[in-house]
K.L.:
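After the structure tokens below, expect a handful of questions from me.
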Amino acid sequence: MLLNEIARVSAEVAQVTGRRAKIDLIASLLARTEAGEVPIAVAFLSGELRQRQIGVGYAALTDLLSSRAAATRPVPGTSPAAAEPTLTIGEADDVFAAIAVVAGTGAQAARRRLLADLFGRATEGERSFLAQLVAGELRQGALEGVMIEAVAQAAAVPAHEVRRALLLGGSLPAVARAALCGSADPLDPSRQRGQASGGPVDALTALRSFTLRVGRPLRPMLAAAAPTIAAAMQKVTPAGIEWKIDGIRVQVHKDGRQISVFTRTLDDITGRVPEIVEAVLALPADSAVLDGEAVALYPDGRPRPFQVTASRAGSRAEVESRRDRVPLTLFFFDVLHIDGTDLIDAPAHERYAALARLLPTGLVIPRTVTAEPGVAEAFFNDAVARGHEGVVLKSLDSPYATGRRGSEWIKVKPRHTLDLVVLAAEWGHGRRRGWLSNLHLGARDPVTGDLVMLGKTFKGLTDQMLAWQTGRLLELADPGQTPPPGDIREARGVLRVRPDLVVEIAFDGVQASRRYPGGLALRFARVIRYRPDKKATEADTIDAVRAFGPASQPDAKAGLLGDLA
């Protein structure tokens, strides 16, 4: 299949607003896609590369697409574009695979050459699609839920069958291939025992071959959010209430002496976390699948800044010395399999009882069960006082709904807000094309009067807010920054503005950052509302931001973070 076909349908999906219309467009394309190309088509339309990350940054893409760069430093692929589409999606995927394995001296230049050659074979429309795909900015509305429905429609099977196969199999491209091509799960025991020929089977049989396999990660169950304990208990009562730990989600698989540790994004980090491996090896079960959180704690039991935990788990170098300096503590809160018995469909109270029988007390998340709001509120306050993010309220009867964010789990965290100043905004992509979307945020320095950048966010913005802020920010744009005459949907890049507009931002915490001049960045920032009633001189100061953050903790100092980066 030509890449032009994918790019064209992606553009059409971005243009239509109805979910049903998006599904119909994608399903029609998938129905005529050849078997070997189905996983590539699904990945590309989902805005993803099959290789996940290929080591190419946004700057390299901008350089490739810049006519100015082509004039001053000619690069193959920058000009001219191909006149007619000839590039296939398989050829593009092969190039991404080649780029992903480039390493060593000169890797950056080698990746750039490969990418330039690819762009040199692409039409202008294909180049735009490829650039957004590589940059992770292809937001045309083909979200996972839409893609699941499209695969189901193209394969003429119920959507819930595709959804369950995905949750157990972990890969939408692989599940799409099963549904559309009759290719069963390669880990299906019947295939391994030679009971099946490996040839095509019907779609439902192929989808149902995806089951829980010890050693293959499942997508984790997720929690919805509520603003208060009272609001959460309106949906879940009685509830099991647990600490919400600010660490990294870990799913641990035990198969005899073989231990595998996966993150929330299903990345294998087994070699980086030997203390987790040792703890699970000691358990009295031959096979198990456990769900929990790993966190770096201070000696007094309070959690260290999230960056410290993330840096420790993210590094492959000097694992033992890093372990000595920053050991990880495990808190398990669910079990999905024990010694040949799958528990994902068992009610939560049975899974927790099994967890408590299997694990020593120190490995089990602190928990209480109650229908009394006062008891739940006291548990929440205690968790926050200990430095944790908040709590999660869990239904006692729900199965483990892998990959879902439903009302069976509800997280409650204290909400922090700041009034900050908009310093600049970035033109949106996909559905937000033609609107100023990603906001650059700053706080006041009370000493100098300058504004100190803290980060960016595009979250929390409704269509109404996007339209309003685009008009207002264009009014505040620096001279020479307004978009050129013509279609505003063609505007790209960053628009710097006069720092007059104040916006209320909610966030989950503050972390140390070398990216921004204040040395701090907001975590999970999202827009609550604009404050036209406030002047920029009334915005919060950098000192107010520091009061929320880790600046006084030793981990936030450059030395330790530098060691762990």
K.L.:
Side chains of Val369 and Ile241: closer than 4.5 Å at any heavy-atom pair?
P.N.:
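Counting from C-beta outward, Val369 and Ile241 never come under 4.5 Å.
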
K.L.:
What is the minimum heavy-atom distance between Leu396 and Gly240, and which atoms define it?
P.N.:
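So the minimum-distance heavy-atom pair works out to CD2-N, 3.5 Å.
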
K.L.:
Do the side chains of Leu454 and Leu420 get nearer than 4.5 Å, heavy atoms only?
P.N.:
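A side-chain contact exists here, since the closest heavy-atom pair is under 4.5 Å.
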
K.L.:
If I compare all heavy atoms of Leu328 with all of Ala296, which pair ends up nearest, and what's the gap?
P.N.:
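Heavy atoms of Leu328 and Ala296 come nearest at CD2-N, 4.0 Å.
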
K.L.:
Step by step, would you call Leu441 with Ile505 a side chain to side chain contact (heavy atoms under 4.5 Å, CB included)?
P.N.:
CA-CA 9 Å; Leu441 305 168; Ile505 298 293; 3.9 Å; yes

K.L.:
Please find the pair of heavy atoms, one from Trp243 and one from Ile365, that lie closest to each other, and give the distance.
P.N.:
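Reported closest heavy-atom pair: O-CD1, 3.8 Å.
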
K.L.:
Quick check with a 6.0 Å cut-off and a 45 degree axis cone: is Arg367 positioned over the face of Phe333's six-membered ring?
P.N.:
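No; the conditions do not both hold, so Arg367 does not lie above the ring face of Phe333.
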
K.L.:
List for me each residue that meets salt bridge (Lys or Arg N to Asp or Glu O under 4.0 Å) alongside Lys235, sequence neighbours excluded, and say none if there are none.
P.N.:
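By the salt bridge (Lys or Arg N to Asp or Glu O under 4.0 Å) rule, Lys235 matches no residue at all.
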
K.L.:
Going from OG on Ser128 to CG on Leu133, what distance comes out if it is rounded to the nearest 0.5 angstrom?
P.N.:
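Here the rounded value is 11.0 Å.
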
K.L.:
One pair to check against side chain to side chain contact (heavy atoms under 4.5 Å, CB included): Gln251 and Leu218. What are the steps and the verdict?
P.N.:
CA-CA 8 Å; Gln251 186 181 121; Leu218 292 79; 3.8 Å; yes

K.L.:
Any side-chain heavy-atom pair from Leu423 and Met453 closer than 4.5 angstrom?
P.N.:
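Leu423 reaches Met453 side chain to side chain.
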
K.L.:
More than 12 foreign heavy atoms under 6.0 Å from CZ of Arg323: is that the case here?
P.N.:
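Atom CZ in Arg323 is crowded, with more than 12 foreign heavy atoms closer than 6.0 Å.
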
K.L.:
Look at the side chain of Glu350 and the backbone N and O of Pro347, then say whether any donor-acceptor pair between them is shorter than 3.5 Å.
P.N.:
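No, Glu350 side chain to Pro347 backbone: no donor-acceptor pair under 3.5 Å.
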
K.L.:
Would you say the side chain of Val273 lies within less than 4.5 Å of the side chain of Val319, judging by non-hydrogen atoms?
P.N.:
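Contact flag for Val319/Val273 side chains = no.
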
K.L.:
Let me confirm one number: the CG-CG distance from Leu495 to Asn438, rounded to the nearest 0.5 Å.
P.N.:
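Atom-to-atom, Leu495:CG and Asn438:CG are 12.5 Å apart.
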
K.L.:
For a quick test of your reading: what N or O donor-acceptor pairs under 3.5 Å do the side chains of residues 379-395 make, sequence neighbours left out?
P.N.:
unit_1: Asn381; atom_1: ND2; unit_2: Glu377; atom_2: O; d: 3.3
unit_1: Asp382; atom_1: OD1; unit_2: Arg386; atom_2: NE; d: 3.4
unit_1: Asp382; atom_1: OD2; unit_2: Arg386; atom_2: NE; d: 2.8
unit_1: Glu389; atom_1: OE1; unit_2: Lys244; atom_2: NZ; d: 2.6
unit_1: Lys394; atom_1: NZ; unit_2: Glu242; atom_2: OE1; d: 2.8
unit_1: Ser395; atom_1: OG; unit_2: Asp397; atom_2: N; d: 3.2
unit_1: Ser395; atom_1: OG; unit_2: Ser398; atom_2: N; d: 3.4

K.L.:
So, does Glu149 use its side chain to make a donor-acceptor pair with the main chain of Ile23 at under 3.5 Å?
P.N.:
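Here the side-chain-to-backbone pair does not exist.
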
K.L.:
Does Ala317 offer a backbone N or O that forms a donor-acceptor pair with the side chain of Arg322 under 3.5 Å?
P.N.:
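Yes: the side chain of Arg322 pairs with the backbone of Ala317.
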
K.L.:
Can you tell whether the side chains of Glu475 and Arg498 come within less than 4.0 Å, N to carboxylate O?
P.N.:
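Arg498 and Glu475: not salt-bridged.
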
K.L.:
Could you work out, with ring-ring contact (aromatic ring centres under 6.0 Å, His included) as the rule, every residue matching Phe507, not counting sequence neighbours?
P.N.:
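Partners of Phe507 under the ring-ring contact (aromatic ring centres under 6.0 Å, His included) test: His416, Phe548.
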
K.L.:
Tell me, with the steps shown, if Thr541 and Asp543 meet side-chain hydrogen bond (donor to acceptor under 3.5 Å, both in side chains).
P.N.:
CA-CA 5 Å; Thr541 67; Asp543 291 339; 4.7 Å; no

K.L.:
Looking at Glu48, is its backbone amide N or carbonyl O close enough to the side chain of Ser46 to form a donor-acceptor pair, meaning the two atoms are under 3.5 Å apart?
P.N.:
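Between the backbone of Glu48 and the side chain of Ser46 there is no qualifying donor-acceptor contact (under 3.5 Å).
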
K.L.:
Which residue, Arg526, Lys411, Arg523, forms the salt bridge (charged side-chain N to carboxylate O under 4.0 Å, His left out) with Asp508?
P.N.:
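Exactly one pass, corresponding to Arg526.
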
K.L.:
Walk me through it: do Met147 and Leu45 pass the test side chain to side chain contact (heavy atoms under 4.5 Å, CB included)?
P.N.:
CA-CA 8 Å; Met147 190 62 70; Leu45 284 170; 3.6 Å; yes

K.L.:
For Asp291, which residues count as a side-chain hydrogen bond (donor to acceptor under 3.5 Å, both in side chains) partner, sequence neighbours excluded?
P.N.:
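Expected list: Arg249, Tyr400.
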
K.L.:
So how far is it from Leu355 CG to Phe332 CZ, rounded to the nearest 0.5 Å?
P.N.:
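One gets 8.5 Å once the value is rounded to the nearest 0.5 Å.
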
K.L.:
Testing the basics here: between Gly247 and Phe306, what is the closest heavy-atom pair and its distance to 0.1 Å?
P.N.:
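Heavy atoms of Gly247 and Phe306 come nearest at O-CE1, 3.2 Å.
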
K.L.:
Kindly write out the residues that satisfy side-chain hydrogen bond (donor to acceptor under 3.5 Å, both in side chains) with Thr370, not counting sequence neighbours, or none if the list is empty.
P.N.:
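Result, side-chain hydrogen bond (donor to acceptor under 3.5 Å, both in side chains) vs Thr370: none returned.
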
K.L.:
Less than 4.5 Å apart, any side-chain heavy atom of Gln469 and any of Leu466?
P.N.:
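Contact flag for Gln469/Leu466 side chains = yes.
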
K.L.:
Phe262 vs His253 aromatic rings, parallel, tilted or perpendicular, using cut-offs 30° and 60°?
P.N.:
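Perpendicular.
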
K.L.:
Is the closest side-chain heavy-atom distance between Val236 and Trp409 below 4.5 Å?
P.N.:
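Side chain of Val236 against side chain of Trp409, heavy atoms only: no contact under 4.5 Å found.
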
K.L.:
Do you know the tightest heavy-atom contact between Arg219 and Leu172?
P.N.:
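Smallest interatomic distance, heavy atoms only, reads NH2-N, 4.4 Å.
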
K.L.:
Whether the side chain of Thr417 engages the backbone of Ala506 through a donor-acceptor N/O pair (distance < 3.5 Å, no angle test) should be reported.
P.N.:
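Pair absent, no side-chain N/O of Thr417 close to backbone of Ala506.
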
K.L.:
Taking Lys459 for its side chain and Phe524 for its backbone only, find out whether a donor-acceptor pair lies under 3.5 Å.
P.N.:
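Flag not set: sc Lys459 to bb Phe524 has no pair under 3.5 Å.
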
K.L.:
Quick one, Val151 and Val175 - any side-chain contact, counting heavy atoms below 4.5 Å?
P.N.:
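Val151 does not reach Val175 side chain to side chain.
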
K.L.:
Using side chain to side chain contact (heavy atoms under 4.5 Å, CB included), reason through Leu473 and Leu439 one step at a time and then give a plain yes or no.
P.N.:
CA-CA 10 Å; Leu473 292 172; Leu439 303 176; 4.1 Å; yes

K.L.:
Taking Arg312 for its side chain and Arg272 for its backbone only, find out whether a donor-acceptor pair lies under 3.5 Å.
P.N.:
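The answer is yes, because a donor-acceptor pair under 3.5 Å joins these two groups.
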
K.L.:
Quick check against the 3.5 Å criterion: does Thr270 have a side-chain atom that pairs as donor or acceptor with the backbone of Val261?
P.N.:
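The answer is yes, because a donor-acceptor pair under 3.5 Å joins these two groups.
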
K.L.:
Do Asp540 and Arg444 sit within salt-bridge range, that is, some charged N less than 4.0 Å from a carboxylate O?
P.N.:
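Salt bridge flag = no for Arg444 with Asp540.
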
K.L.:
Can we say Glu426 and Arg432 salt-bridge, meaning some charged N sits less than 4.0 Å from an Asp/Glu carboxylate O?
P.N.:
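Result for this pair is no, no salt bridge flagged.
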
K.L.:
With side chains defined as the heavy atoms from C-beta onward, is the minimum distance between Asp246 and Val295 less than 4.5 Å?
P.N.:
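Of all side-chain heavy-atom pairs linking Val295 with Asp246, none is under 4.5 Å.
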
K.L.:
So which heavy atom on Thr457 is nearest to which on Ala525, and how close?
P.N.:
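It is OG1-O, 2.6 Å.
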
K.L.:
Can you name the side-chain contact (heavy atoms from CB on, under 4.5 Å) partners of Ala371, sequence neighbours left out?
P.N.:
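Ala371: side-chain contact (heavy atoms from CB on, under 4.5 Å) contacts with Thr237, Pro238.
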
